[in-house]
Amino acid sequence: QVQLVESGGGLVPAGGSLRLSCAASGLTFSTYHMGWFRQAPGKEREFVARITWTGTNIYYEDSVKGRFTISRDNDKNTVYLQMNNLKPEDTAVYYCAAERYRFGTYVVHYWGQGTQVTVSS
């Protein structure tokens with residue numbers, strides 16, 4: 001049974017930092033690309049960041065470039081999202097996802113349950 005378990009969310013003031021973690025089990029972690037997504041109230045889930053299975057390629061949504069850093073530790077089956085200089089518009093439930101590259105795009109195979117990040121102004 002595949003499980004992706006996020007942790008590290010919470011309430012922080014604007015300008016603060018949080019580090020999210022996603023611990024994976026039940027899958028061969030090192031063979032999956034890993035992504036972070038978020039969903040704010042009343043909005044669709046959106047892409048935030050992605051790191052390929054070797055860590056060679058990293059992608060960010062434009063609004064988080066320079067503030068967020070994605071990384072992974074294949075020995076610990078864990079992916080991280082370091083979030084600095086947080087803004088109120090970063091408030092959302094953050095989800096990690098295990099992905100494969102298929103048919104020219106990244107396809108999510110597994111989702112975590114999400115962790116709430118709230119940034120106060």
Side-chain angles (χ1 to χ4, degrees):
Q1 179 184 0
V2 174
Q3 284 192 310
L4 301 178
V5 180
E6 300 97 334
S7 60
L11 172 64
V12 294
S17 297
L18 284 174
R19 188 193 195 205
L20 305 184
S21 299
C22 172
S25 60
L27 76 170
T28 306
F29 180 78
S30 61
T31 67
Y32 282 85
H33 311 303
M34 296 300 296
W36 286 97
F37 294 74
R38 65 187 179 187
Q39 188 167 18
K43 294 187 177 182
E44 294 188 352
R45 193 171 299 188
E46 65 174 3
F47 166 77
V48 175
R50 175 179 294 117
I51 184 167
T52 55
W53 63 282
T54 61
T56 301
N57 295 310
I58 289 175
Y59 309 94
Y60 295 103
E61 191 270 330
D62 285 346
S63 70
V64 308
K65 286 180 181 176
R67 300 189 297 123
F68 291 11
T69 303
I70 189 171
S71 61
R72 67 188 295 161
D73 186 336
N74 285 348
D75 290 333
K76 295 183 178 179
N77 288 358
T78 301
V79 61
Y80 306 97
L81 186 67
Q82 177 67 43
M83 306 186 294
N84 298 329
N85 191 21
L86 283 160
K87 303 176 180 181
E89 52 264 42
D90 295 318
T91 295
V93 177
Y94 283 71
Y95 300 88
C96 74
E99 303 175 306
R100 296 282 197 190
Y101 191 75
R102 292 285 185 267
F103 312 112
T105 189
Y106 290 91
V107 178
V108 175
H109 282 225
Y110 304 103
W111 289 102
Q113 85 288 349
T115 186
Q116 177 70 47
V117 171
T118 303
V119 184
S120 62
S121 55

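Quantities reported herein were computed from a predicted structural model and do not represent experimental measurements.
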Are [X] and [Y] packed together at the side-chain level, in the sense that at least one heavy-atom pair is separated by less than 4.5 angstrom?
{"X": "Trp36", "Y": "Phe68", "answer": "no"}
{"X": "Arg45", "Y": "Trp111", "answer": "yes"}
{"X": "Glu89", "Y": "Val119", "answer": "no"}
{"X": "Tyr60", "Y": "Arg67", "answer": "no"}
{"X": "Arg50", "Y": "Asn57", "answer": "no"}
{"X": "Met83", "Y": "Val117", "answer": "yes"}

Tell me, please, whether Tyr32 has Arg100 positioned over its six-membered ring: NZ or CZ under 6.0 Å from the ring centre and within 45 degrees of its axis?
-> yes

Tell me whether [Y] is reachable from [X] by hopping between hydrophobic residues (I, L, V, M, F, W, Y) whose side-chain heavy atoms are closer than 4.5 Å.
{"X": "Val108", "Y": "Tyr59", "answer": "yes"}
{"X": "Leu18", "Y": "Ile51", "answer": "yes"}
{"X": "Val2", "Y": "Val5", "answer": "no"}
{"X": "Tyr110", "Y": "Val48", "answer": "yes"}

When you measure from the side chain of [X] to the backbone of [Y], do you find a donor-acceptor pair of N or O atoms at a distance under 3.5 Å?
{"X": "Asn74", "Y": "Trp53", "answer": "yes"}
{"X": "Glu6", "Y": "Cys96", "answer": "yes"}
{"X": "Arg72", "Y": "Thr52", "answer": "yes"}

Straight-line distance of [X] [atom1] to [Y] [atom2], nearest 0.5 Å:
{"X": "Leu20", "Y": "Thr78", "atom1": "CG", "atom2": "OG1", "value": "12.5 Å"}
{"X": "Ile58", "Y": "Thr69", "atom1": "CD1", "atom2": "OG1", "value": "8.0 Å"}
{"X": "Gln116", "Y": "Thr91", "atom1": "CD", "atom2": "OG1", "value": "7.5 Å"}
{"X": "Ser17", "Y": "Asn85", "atom1": "OG", "atom2": "CG", "value": "8.0 Å"}
{"X": "Cys22", "Y": "Leu81", "atom1": "SG", "atom2": "CG", "value": "10.5 Å"}
{"X": "Leu4", "Y": "Met34", "atom1": "CG", "atom2": "CE", "value": "5.0 Å"}

Shortest non-hydrogen contact between [X] and [Y], atoms and distance:
{"X": "Asp73", "Y": "Asp75", "answer": "OD1-N, 3.0 Å"}
{"X": "Ala97", "Y": "Phe37", "answer": "CB-CE1, 3.9 Å"}
{"X": "Phe29", "Y": "Ala24", "answer": "CD1-CB, 3.5 Å"}
{"X": "Ala92", "Y": "Ala40", "answer": "CB-N, 3.8 Å"}
{"X": "Ala14", "Y": "Pro88", "answer": "CB-CD, 4.2 Å"}

Electrostatic pair Lys65:Asp62 at N-O distance under 4.0 angstrom | yes

Testing Val93, Thr115, Val64 for side chain to side chain contact (heavy atoms under 4.5 Å, CB included) with Arg38, which one passes?
-> Val64

